[in-house]
Amino acid sequence: MRTRVLLIEDDERIRAAMRMALEQEGHHVHDVASGEEALRDFSRQPSDVVLIDLVLPGMDGFEVCRKLRAASDVPIIMVTARTDSHDVVAGLEAGADDYLTKPFVPKELSARIRALLRRIRGDARPPPRFAFGDVEVLPQEGIVRRDGAEVHLTKTEFDLLCELASNQGQVLSREHLLDRIWGYGYFGDGRLVDVHIRRLRTKVEPEPAHPRHVLTVRGMGYKLVP
Amino acid sequence: MKGRTAEEAAPEGRPGRRPRFGLRARVTAAFALGTLALALILSLLTYTLSSTYLVRQRESSAQRQAFVNARLVESGLRSDVPLPDLLDSLETPATSESVLSYQGRWFASSPLNVSHEELPAGLRDRVFSGRAVHQRFRLGGQLYEAVGIPLVHVGAHYFEVFSLAELDGTLNTLSRALVAGAAVTVLLGVGFGRWVSGQALRPLTAVGRAARSISQGRLDTRLDPAIDSDLSALTISFNGMADALEQRIERDARFASDVSHELRSPLTTLATVVELLHDRRTEFAEPMRDAIELLKAEVERFQQMVLDLLEISRLDAGVAQPELEAVRPAELVREAVGASGRGTPDRRVAGGDGMRVGVTVDDTVTDLVIRADKRRLERVVANLVQNAETHGGGLAGISLVRCGDRVRVLVDDAGPGIALAYRDRVFERFARGPDAESRRDGHGVGLGLALVAEHVRLQGGRVWVEDRPGGGARFVVELPVETP
């Protein structure tokens, strides 16, 4: 089945070019020019991946991101203008899974989409069922329960949790996690990991500000302890 | 005092027209002269008034005493008291002497040893002519007051000489005290002048400091409007100037940034479309394929340039602080060199064929951990590698060595090396080589090496270029090693 990509971009020419490039990759593209349109479109027919330009007329990209995230676990890639500003972190905190900086080349775009749609890679399969604290995870079913109640994780958060779980007790560097979850190399943006770990904590930690399970190891990375 | 003021004025002052002394020295001198004049006038006035008063006092008491004594002598002569005894019986203090001319003979009590011959002649003459007179005179350096009274009824002339040595001494002491007082006043005047001029110049010192701060790049430096209400015009215009300057510099800096930002969108479209064409280039005829290849290469170069411009304008804006973390330089350099094509979110490391060149790591560096900004360091290595590929005849090798408390990354190329005179300029923005060759191929160094210099500097390191042993250029990046 072809991947359905929802493309939200107000610049007509970029939209046309990206549409061509994505279709060339074999995706089914639905493109809209505003956030309002995108939300309407998404509620009619959910997409597999959403691409959001952060600068939009009317409702801005962050808002669209938050609204989409509230309604769905769909992978979201945001397109930002600047890498250094807090746009990146703000976008990730609004719920984006990954980001692209303009100007980008189509290869980067398709690499990002592929990485997000891919199932957990490699042979380091997580155990069929694992638990820590009051959280229970069923990786095969894609289910996380806390105190018996199901918790909604995005696919990226879920992958991150499973990657940490399959190496329980071991410190995983940001580079390792970037490579495993996002498919980035050594120079991937560590903020991706940091923000997603933060988001993961708010969902699985009893006290997100004082984590007991998803721990930071200063200067080295992260680890999961039961 | 003078030295400091002169030094401060020196860079701005126009030679020849500059006054010999600084403002502060002149104000101080004016204060000194003013207080000196004032002290002189006051001292003279004090001295004149008090000496006149004291002398009058002394004179009138001398006259009173002389008249009393004259009357005593007169009555004594009438009752035929023997003369020397008469004079001795007079109650005269040790500071006065009685001289009597009687029947053509002179008699004297002698505590002061002033003889009748030493009495001023004019005084004597006038007394002999029948008038009571007094006169001050100096004898042997001593000041005396003489009072002469004709004793008409007995045909005698009574003189009394008073020593004014005591008064003289008092006046001397007074004048010394006044001179000392004047000197102290002048000194106080100098001190006060210095203090006042210091106070007056303080706002100017503040202006100077602010101007220096601005010229050192702290463009948001402003004067406190509360410094002095009298100087608000200066403060307002200075701050106005600083505002204008800051805005202008910011506008200039923002321009490059704005231009690059504006270029992003069309460039994204362009890159996307070119890539589409490139992917399907086999569908085109041969000459078109070449055109597409050329187009793709140029768009990539364009894109690189815009990214570099954005990067350097971020650095200029000073908003990009290095994010230091524990990094193994050996690992990082290997990754950076090998990262070609794999892609980072921002851009790919250029070059592809030269990547087979190995990275030589000194034993002391293998497990070394330094604090560095990974992303920036990657740019540094990538840009140096790209520079070697584009301008240095290809990458000849990369090595890491330890050098005391620093670690060095050496990037060698196989080119002709870089002329001594050009070695600093190579790190300037859009620098071009001295040879026509580098111009002809259209590949200026661009911003790559300027970015290298900025990134290295931000991480507390240095970068320079030297000759590689055996020919070619060697770019050296030196970074501090701290125990993490």
Side-chain angles (χ1 to χ4, degrees), chain A residues 7 9-25 53 55 77-86 88 98-112 114-115 173-175 178-179 182-192 194 217-221, chain B residues 257 260-280 296 299-300 302-304 306-307 310-311 314-315 317 319-321 323-327 331-332 334-336 338-349 369 371 374-375 377-379 381-382 484:
Chain A
L7 171 63
E9 166 66 66
D10 63 314
D11 186 314
E12 204 181 313
R13 295 192 185 88
I14 297 187
R15 202 165 65 229
M18 281 172 77
R19 185 193 176 99
M20 282 190 266
L22 289 166
E23 280 174 347
Q24 164 94 351
E25 292 280 321
D53 191 304
V55 185
I77 300 174
M78 56 177 178
V79 179
T80 70
R82 295 171 291 265
T83 48
D84 61 321
S85 69
H86 58 263
V88 168
D98 201 349
Y99 72 93
L100 271 174
T101 316
K102 275 188 203 169
F104 55 83
V105 290
K107 279 207 180 73
E108 289 175 21
L109 177 59
S110 43
R112 303 280 43 95
R114 263 202 309 281
S173 67
R174 289 152 116 206
E175 289 84 2
L178 278 168
D179 176 47
W182 286 270
Y184 280 114
Y186 182 81
F187 297 107
D189 187 343
R191 290 177 299 181
L192 281 174
D194 300 341
V217 185
R218 249 188 92 82
M220 296 184 65
Chain B
S257 167
S260 329
H261 272 288
E262 289 303 315
L263 288 175
R264 284 163 177 275
S265 296
L267 202 46
T268 304
T269 313
L270 208 53
T272 309
V273 174
V274 164
E275 187 121 327
L276 275 174
L277 285 175
H278 191 256
D279 284 350
R280 295 194 176 180
K296 185 172 188 286
V299 166
E300 276 173 7
F302 188 19
Q303 194 163 4
Q304 186 65 57
V306 168
L307 284 168
L310 283 168
E311 184 95 34
R314 264 202 298 271
L315 289 170
V319 290
Q321 289 303 310
E323 289 165 32
L324 298 178
E325 57 182 312
V327 169
E331 188 184 18
L332 185 139
R334 277 207 193 92
E335 292 281 351
S340 69
R342 200 136 59 115
T344 62
D346 275 353
R347 68 171 162 193
R348 294 157 311 142
V349 179
V369 177
R371 288 193 61 76
K374 218 167 72 173
R375 194 184 60 88
L377 211 48
E378 187 252 320
R379 295 289 160 83
V381 176

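Convention: sequence-line order gives letters A, B, ...; per-chain numbering from 1.
- Between chain A and the options Val306(B), Leu276(B), Val274(B), Leu267(B), heavy-atom pairs under 4.5 Å are most frequent for Leu276(B).
- Classification of Asp53(A) and Arg15(A) as a salt-bridged pair fails, no side-chain N sitting under 4.0 Å from a carboxylate O.
- Side-chain contact between Phe302(B) and Leu263(B) is present, with heavy atoms from C-beta onward closer than 4.5 Å.
- Under the 4.0 Å criterion applied to side-chain N and carboxylate O atoms, Glu323(B) and Arg375(B) are not assigned as salt-bridge partners.
- Looking at Leu332(B), the atoms closer than 4.5 Å to chain A (heavy atoms on both sides) sit in the backbone and in the side chain alike.
- For the set Leu109(A), Asp11(A), Ile14(A), the entry with the most heavy-atom pairs within less than 4.5 Å of chain B is Ile14(A).
- Proximity to chain B (any heavy atom under 4.5 Å) is restricted, for Glu175(A), to the side chain, taken from C-beta onward.
- Distance check: Arg191(A) CZ to Arg174(A) CZ gives 9.5 Å after rounding to the nearest 0.5 Å.
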